[in-house]
Amino acid sequence: MKNNFDILIIGGGHAGSEAAWISSQFDLKVGLISGPGATLASTPCNPAVGGVGKGQVVREIDALGGLMGIVADKAGIQYRTLNESKGFAVQSTRVQVDKELYTKYAEELLSQRDNLSIIREMVKSVRKENDSFIIETESGKTFESKKVIVTTGTFLAGKLHTGEEQNAGGRVECKESVGLNDLFADIKTTPNRFKTGTPPRIDRKTINYSVMEPQESDYSTRNFHSLSEPFERSSEQVACYLTRTNSETLSIIRANKERSPIFNGQIKGVGPRYCPSIEDKAFRYTEKDVHHVFVEPEGLNLETIYPNGVSTSLPKDVQESFIRTISGLENAKILVHGYAVEYDVVDTSELSRLMEYKSIPGLFFAGQVCGTSGYEEAAGQGIVAGINASLAFLGKDPLVLDRNDSYIGVMVEDLVTNKRDEPYRLFTARSENRLYVREDNTIQRMNKYRKVLGLSGKLDFYQESILDEVEILEKLIEETMYYATTPSNKVYFAEKEYGTLENNISLKELLRRPNLNPVKVLEAECLKVGASFNLDVIRTVAIAAKYEGYIDRAVIESEKINRMSKKRIDWEILADSKNISFECKLRIKTIRPETFGQLQRIEGIRPATLAYVAGNLV
Ligand code: FAD
């Protein structure tokens with residue numbers, strides 16, 4: 001048969017593009033088949049990459065050899081470091097991207113891979129025959145592949161809602177796909193479909209920016225791709241703006257509750273708790289009328305502005321009214337109305353940590369079809385599925401990312417150990433080890449995984465050189481001493497800038513002193529002695545020195561938890577227990593956890609239940 005592939009990826013969103021990019025780095029014949037309506041790696045919602053917890057994922061993808069960081073750097077038009085006033089561990093990079101440029105560069109890079117064929121067709125069915133998959137498209141073409149990765153996003157039996165209007169579609173102006181069970185029979189889906197929504201897009205010429213707070217691009221934020229010049233920008237930089245809703249905005253929304261598809265029963269799907277629509281906020285926080293609205297350009301040459309914070313599926317006339325109550329948007333013209341989309345989601349408890357459907361070897365899932373929301377989450381799963389489909393084809397050992405040293409590992413484990421009943425989003429609190437799983441030390445955390453791939457190139461040389469420099473600088477900060485009683489220039493400088501020395505201390509101890517920024521101190525000290533280290537190395541060594549004691553304690557705690565996690569429990573006894581709440585028992589009956597660790601990771605299990613079970617573990 002013609003059209004044979006080693007790996008075929010269905011869907012060219014962020015999950016599919018990432019899977020295709022990494023698979024094509026192996027010596028394999030790869031196909032990416034994606035519906036003709038949507039551009040590759042498109043950003044149908046907020047055109048921004050990164051964010052809290054997500055910036056870490058983008059850097060992890062980058063360290064594995066992924067696409068997202070490269071493209072985001074090329075298309076980035078406003079950079080920020082989020083949580084800058086908080087600890088280093090929870091700081092994350094967020095880059096506003098030009099959505100036209102993003103997809104253009106992603107398509108360019110993907111089309112440069114000689115062993116990757118990009119096919120613009122809609123798939124209507126997939127079935128397994130012997131050890132191959134047969135893929136049929138709506139136009140009647142047939143493909144065969146040894147491995148298949150399904151990354152169909154919000155498209156499976158997609159249904160769009162704007163007020164009373166309901167249309168079939170994968171997203172605005174895109175045809176929907178067949179449902180999950182029509183695509184592949186016998187795949188288990190979540191009991192409820194999921195939904196997500198997007199705000200109206202506003203004509204940039206109709207906005208009064210003078211009453212809003214500008215947020216300029218931050219040139220001290222490091223680019224995502226480790227081989228990019230760290231602080232050089234490829235595209236022109238522009239500002240985003242901040243405005244707010246008010247009591248008038250919220251009263252219009254509250255007055256139209258019965259016309260809201262979320263509240264009048266029209267939408268059955270479950271929405272993302274951590275990305276609520278403005279109507280969710282109106283009814284969830286009834287005492288609050290002021291919500292941030294970030295006014296963000298969708299591109300340097302695009303007319304549309306994305307008002308971040310007011311995603312909605314209210315009727316068009318209600319959208320027009322409430323938008324115009326917001327300061328600076330009084331004359332706003334809506335070019336595209338907000339809407340919500342409902343879609344089928346695979347039951348991720350049927351997947352392994354390789355993102356492979358356990359009962360159908362060779363079939364992988366990744367992205368929003370797995371019940372996540374967000375480009376970074378999709379891309380993170382895409383790279384895991386792409387790597388493991390490739391390694392499996394080559395007969396090599398799989399790659400499993402550990403939750404203790406990567407956010408992708410946290411996400412994958414959360415997904416596959418839980419039956420999802422709401423969309424999943426990553427944030428730093430999901431990691432037990434977040435003091436260690438930081439953006440600055442991504443190469444130290446991920447290099448061992450990159451090595452497993454057996455690929456070699458500039459990225460690998462760069463990672464090795466960073467690891468070498470880290471080792472040298474770590475030694476240097478231990479050996480460099482400041483003497484409390486010997487008057488020398490060095491001591492004088494240290495005292496003047498960093499406080500009085502009562503005892504001799506090493507540079508490493510100096511970095512741990514309270515109220516000092518360890519990165520600035522180490523940069524200054526390196527400069528004084530003429531030691532030229534890579535700025536990323538200085539940053540990561542300084543932060544690691546500052547956190548060392550806390551991380552060591554966290555490791556001991558996490559080892560204890562790991563030991564507990566492996567202990568076996570009897571879910572049937574727990575499901576009958578008088579000491580556990582009705583709601584927790586329901587979840588226990590549904591998931592049937594076999595170990596304490598699995599019980600811990602079930603969403604909605606209360607601390608009291610965990611304490612009770614832990615107290616009775618043998
Ligand atoms: P997608 O980007 O959806 O890509 C799927 C691809 O698969 C498309 O290219 C499509 O053409 C192709 N495809 C589908 N079916 C077939 C088929 N049968 N045959 C061939 N190709 C097929 N994320 C957030 O984090 N927060 C939000 O608030 C948010 N709101 C959103 C609102 C809307 C309306 C939409 C549409 C998305 C929203 N997102 C949001 C989600 C974000 O867009 C996704 O997380 C991300 O794009 C998912 O990437 P993906 O690769 O899984 O799928």
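Both ligands and their constituent atoms are indexed starting at 1 by order of listing.
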For ligand 1, which atoms sit closer than 4.0 Å to a heavy atom of [X]?
{"X": "Thr154", "value": "3 (O), 36 (C)"}
{"X": "Gln368", "value": "41 (C), 42 (C), 44 (C), 45 (O), 46 (C), 48 (C), 52 (O)"}
{"X": "Ala378", "value": "48 (C), 49 (O), 50 (P), 52 (O)"}
{"X": "Gly374", "value": "23 (N), 24 (C), 25 (O), 45 (O)"}
{"X": "Gly13", "value": "2 (O), 4 (O), 6 (C), 9 (O), 51 (O)"}
{"X": "Tyr339", "value": "34 (C)"}
{"X": "Gly367", "value": "52 (O)"}

Lys/Arg-Asp/Glu bridge criterion (N-O < 4.0 Å) met for [X], [Y]:
{"X": "Lys141", "Y": "Glu121", "answer": "yes"}
{"X": "Arg420", "Y": "Glu422", "answer": "no"}
{"X": "Arg259", "Y": "Asp317", "answer": "yes"}
{"X": "Arg403", "Y": "Glu413", "answer": "yes"}
{"X": "Glu165", "Y": "Lys316", "answer": "yes"}

Between [X] and ligand 1, is there a nitrogen or oxygen pair with a distance under 3.5 Å?
{"X": "Cys275", "answer": "no"}
{"X": "Gly35", "answer": "yes"}
{"X": "His14", "answer": "yes"}
{"X": "Thr372", "answer": "no"}

Check contact between [X] and ligand 1, using heavy atoms of the residue and a distance below 4.0 angstrom.
{"X": "Gly12", "result": "yes"}
{"X": "Glu121", "result": "yes"}
{"X": "Lys54", "result": "yes"}

Nearest-option assignment for [atom], heavy atoms, candidates [options]:
{"atom": "atom 30 (N) of ligand 1", "options": "Asn308, Thr196, Ile119, Val369", "answer": "Thr196"}
{"atom": "atom 53 (O) of ligand 1", "options": "Gly153, Gly11, Ala15", "answer": "Gly153"}
{"atom": "atom 43 (O) of ligand 1", "options": "Pro272, Gly169, Pro44", "answer": "Pro44"}

Search all heavy atoms of [X] against all heavy atoms of [Y] and return the closest pair with its distance.
{"X": "Ala20", "Y": "Leu110", "value": "CB-CD2, 4.3 Å"}
{"X": "Thr162", "Y": "Gly338", "value": "OG1-O, 3.3 Å"}
{"X": "Tyr102", "Y": "Ala41", "value": "CD2-O, 3.4 Å"}

Fit a plane to each ring of His14 and Tyr375, take the angle between them on a 0 to 90° scale, and name the class: parallel (under 30°), tilted (30 to 60°) or perpendicular (over 60°).
tilted
Using a 4.0 Å heavy-atom cut-off, say whether [X] meets ligand 1 through its side chain, its backbone, both or neither.
{"X": "Arg171", "value": "side chain"}
{"X": "Thr151", "value": "backbone"}
{"X": "Cys45", "value": "side chain"}

Any donor-acceptor N/O pair, Asp203 side chain to Lys333 backbone, under 3.5 Å
no
Is the positively charged end of Lys74 above the ring of Tyr105, judged by distance under 6.0 angstrom from the centroid and angle within 45° of the axis?
yes
Establish, yes or no, whether the cationic atom of Arg59 lies under 6.0 Å from the six-membered ring centre of Tyr407 and within 45° of the ring axis.
no
